Amino acid sequence: MQYYFKIVEKKWQKIWENSKTFKAHEKSNKPKYYILEMFPYPSGNLHMGHVRNYTIGDVLARYKIMNGYNVLHPIGWDAFGLPAENAAIKNETHPQKWTFDNIKNMKKQIKKIGTSYDWSREIITAEEKYYKFTQWIFLKLFENNLAYQKKSFVNWCPSCRTVLANEQVVCGKCERCKNIVGKKNLKQWFFKITNYAENLLSDLKKLDGWSDKVKNMQSNWIGRSTGVEINFKIDEINTLNSPKLMSENFLTVYTTRPDTIFGVTYIAIAPEHPDIFKIIHGKQNESECRIFIEKAKLQSEIIRTSSETEKDGVFTGSYAINPINEEKIPIYITNYVLCDYGTGVVMGVPAHDTRDFEFAKNYNIPIKTVIYPKEDPHFEVSNCAFEANGILKNSREFNEIENTEAIEKIAHYLENKKFGKRKINYKLRDWLISRQRYWGAPIPIIYCPKCGIIAESEKNLPVKLPENVKFSKNKKSPLADCDEFINTTCHKCGKNAKREVDTMDTFVCSSWYFLRFCDSDNIEVPFSPNKANYWMNVDQYIGGIEHAILHLLYSRFITKFLKDLGYLKENEPFKNLLTQGMVLKNGSKMSKSIGNVINPDEIIEKYGADSARIFIMFAAPLEKDLEWNDSSVEGAYRFLKRVWKIIIYFKNIKEKKEKAFSEKTDENTKTLKRAIHYAIKKITEDFKNSSLNTSISRIMELCNALYKYKETIDYNYNFNIVNEAIENILIMLYPFAPHICCEMWLIWGKETNLVFTKWNKFDKKAIETDEVQIVLQINGKIKDKLFIKTNLNGDEVKNMALNNQKIKKALNEKEIVNFIYIKNKIVNIVIK
RNA sequence: GCGGGUGUGGCGGAAUCGGCAGACGCGCUAGACUUAGGAUCUAGUGUCAUUGACGUGGGAGUUCAAGUCUCUCCACCCGCACCA
């Protein structure tokens, strides 16, 4: 009987599908377990990264079922997005057709892996029944003033011809097409994720099941800092000639270092600052300033925000007054101050800030030392800024105070005198969600000449994406040209009105899909709170690290928002997060341009899904990158054939009913028994630690032990132990290689369903041995090994050790200084 | 610059509380079976050396004992980065 994986895999995939083995129900008295892999974008073909992702999820899902959990393991498609539209333009097809064809193809590919998905819950975000509720979420955010429109300088990708969220700009380039992103002053839709900045940050602490890496990345991204906003009065402002009077003639700076306020020697303001023209108006430097401001606008984002860029600026001709000491200091427009962080104005302290130091050197601005290192009271800043902690000087009543303490004291002083206010700032910006593209969920907003900007009414959802539109390369969004879509009636006044033509970022679709899986057929509401509260949160989420910020942050935000509205009990979507490594070939990521892509279909065709799964799980720890290796896949295949062969061997003996099996328990039986239970113990631990690469090696060891047993006793096997070994090999191998195990289970004569068979507990007694091997060392160097009875007392061991030939020889009558015995482990004799 | 991580044979990777470094697999070597072998099985496989020594990026330290703990240096990877 040969192992024909093609027949076996096809057979079992059909059985699971037809008998709906993995359909999840809420009605169960087992504890629930929701396991989810990040759903794919239907790009056309499955790649090895997908296979790794889904295999990991599947192994865990199948293991959890065996351990008595009511498992939800769904999958769907993140189906909106730009590639579909670009493909449509290129191939003169419709994004919808392109997307759904791809889904069909990839679904077929995924099924070949043999994953345990509940396909009845499959969702496609581009379907009306899904995006209807994406729009519903928009409406809820709008109702709660968390979706709003504003005109601002936004990231614009000229190649994708749309705006991008900050999170989608990587190193100044478009996350998707890698083109350089520019800035445009546009009116756009935003979600007020900043309202949740504090929660998003502080709740990270609760996420024990997330790696520090991801938590740090999110924490960095949110970028909380505590400081003080301080008002600097503008001296001699030319209010008469000013085009628009400032309500108060102040410039407000933000600083985290109020302890350095006596060292301020200038004020730096961003060129984009809204008050800039009021400051320069009528001053003798005005034209020079205007040129500088224009120049700064033209500078690309990458250059503007790079710390390498030379610090440049121009004196405005205006002065400000430092509130704490009434000093008159110049105001500069500078290229290094960012307009959209803090207040867009910075107090320049050259002595204690590297950037200010560089700027001051360039413009001959005085450098005033106000902090000195403890060990050097005469310290003066000369070559570079002193940013470390120290003691204050030149700071009046705050002199001789440690600066860490002075931060508090001066902040308090400034607040008391009403010169400023404590302030917490975040780097996190609001989430820009509108896109000037067609293939996305339309933003359900109506522009009515009478009622203004109003939300579409809930009962009119979905705002359908029209199918009959034209795509062309250089024009704006097809929706903007589609009269049938644009023209509508206002649901409030009944008058003619126009629709918003922008669509939503696809990250909006994916920020709530895990909730939809809980209740994917519901046509009334996005999900019933009962069902969502039953399944949520996701017990184990698995996906690539590339979503560490984008998708995971957005999902956390939407979850918190829906919780605040009372639709959910949980305020975090993903309890445990596993970020799997990439699949590499020849050290680099598989890509068409390098030509190192391994096609999953071909691998499955050649070795079968089970072998592919085994290799993927075995070759590297889950979180690490995995180097693809063809011969290792073959090794996995070889291993499965070995399993197959030995079980067939014993099956044949069993069926011949010769007197091959006995009830005898000898040393070999015990050894095999020990191997079985040791494997159960270790693999159970492996699952607890997500260290599944070692699990495979332990099953291999157990399989080797069975081979050894077979060879050592050669007939007259103990049936019970052989049966126990085979049963456990199949149970433990099953999550990794489900097809072959189900088939073997049947061949071995089992009538139960392996899928729902209980994972065994190990027998502590079976692992214990009568004899242990201990190591004999002299001064930490191994001299010999010794088998002794387990749990012998120290004196007995000492005797045995000292009488050991090799030890005797090595000791050579030297003086023994110390004798160390660690029970059942090691003897170390210390000599001079 | 800041934050996080990694460093172990020819390769992927194992090593509970500090207690036999290199499990398991790939590759390689030899042998068996075979018309054949890119199938299968068996044995071997860290380095050097005829004893034994040396070995987990380098150096130091703690300890009877260090891949594991401490300090320090180096290399590489990832994330953030003019965030005041």
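The sequence lines fix the lettering, A, B, ..., with proteins before strands; numbering per chain opens at 1. Computed from a predicted structure; not experimentally measured.
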- prompt: Tell me: CZ of A:Phe357 to C1' of B:A84, nearest whole Å?
  reply: 17 Å

query: Among B:C26, B:G13, B:A84, which is the nearest nucleotide to the side chain of A:Ser225?
result: B:A84

message: Please give the stem ranges for RNA chain B, sorted by first residue number, where a stem is three or more consecutive Watson-Crick or G-U pairs and both donor-acceptor distances are under 3.5 Å.
response: B:1-7 with B:74-80, B:10-12 with B:24-26, B:27-32 with B:40-45, B:46-48 with B:52-54, B:57-61 with B:69-73

Please produce a list of atom pairs where a protein N or O lies less than 3.5 Å from an N or O of nucleotides 19-23 of chain B.
from, atom 1, to, atom 2, distance (Å)
B:C20, O2, A:Lys785, NZ, 2.3
B:C20, N3, A:Gln773, OE1, 3.3
B:C20, N4, A:Gln773, OE1, 3.1
B:A23, O2', A:Glu701, OE2, 2.5

Single hit among A:Lys421, A:Arg422, A:Lys423 for salt bridge (charged side-chain N to carboxylate O under 4.0 Å, His left out) with A:Glu415: A:Arg422

message: Which is more 5' along RNA chain B, the nucleotide nearest A:Asn335 or the one nearest A:Lys783? Just name the residue.
response: A:Lys783

message: Distance check needed: B:C24 C1' versus A:Lys682 NZ, whole Å only.
response: 14 Å

field: A:Ile549 CD1 - B:G4 P separation (whole Å)
entry: 16 Å

query: So is A:Lys427 actually on top of A:Tyr341's ring, under 6.0 Å and inside 45° of the axis?
result: no

- request: Establish, yes or no, whether the cationic atom of A:Lys641 lies under 6.0 Å from the six-membered ring centre of A:Tyr637 and within 45° of the ring axis.
  value: yes

message: Please pick, from B:G13, B:U40, B:A53, the nucleotide with the shortest atom-to-atom distance to any side-chain atom of A:Lys641.
response: B:U40

query: Distance check: side-chain N/O of A:Arg638 vs OP1/OP2 of B:C41, anything under 4.0 Å?
result: no

message: What is the separation between atom CZ on A:Phe615 and atom C1' on B:C11, rounded to the nearest whole Å?
response: 12 Å

Side chain A:Lys427 and base B:C80 donor-acceptor under 3.5 Å: no

Collect all protein-nucleotide pairs involving nucleotides 42-46 of chain B in which both atoms are nitrogen or oxygen and the distance is under 3.5 Å.
none

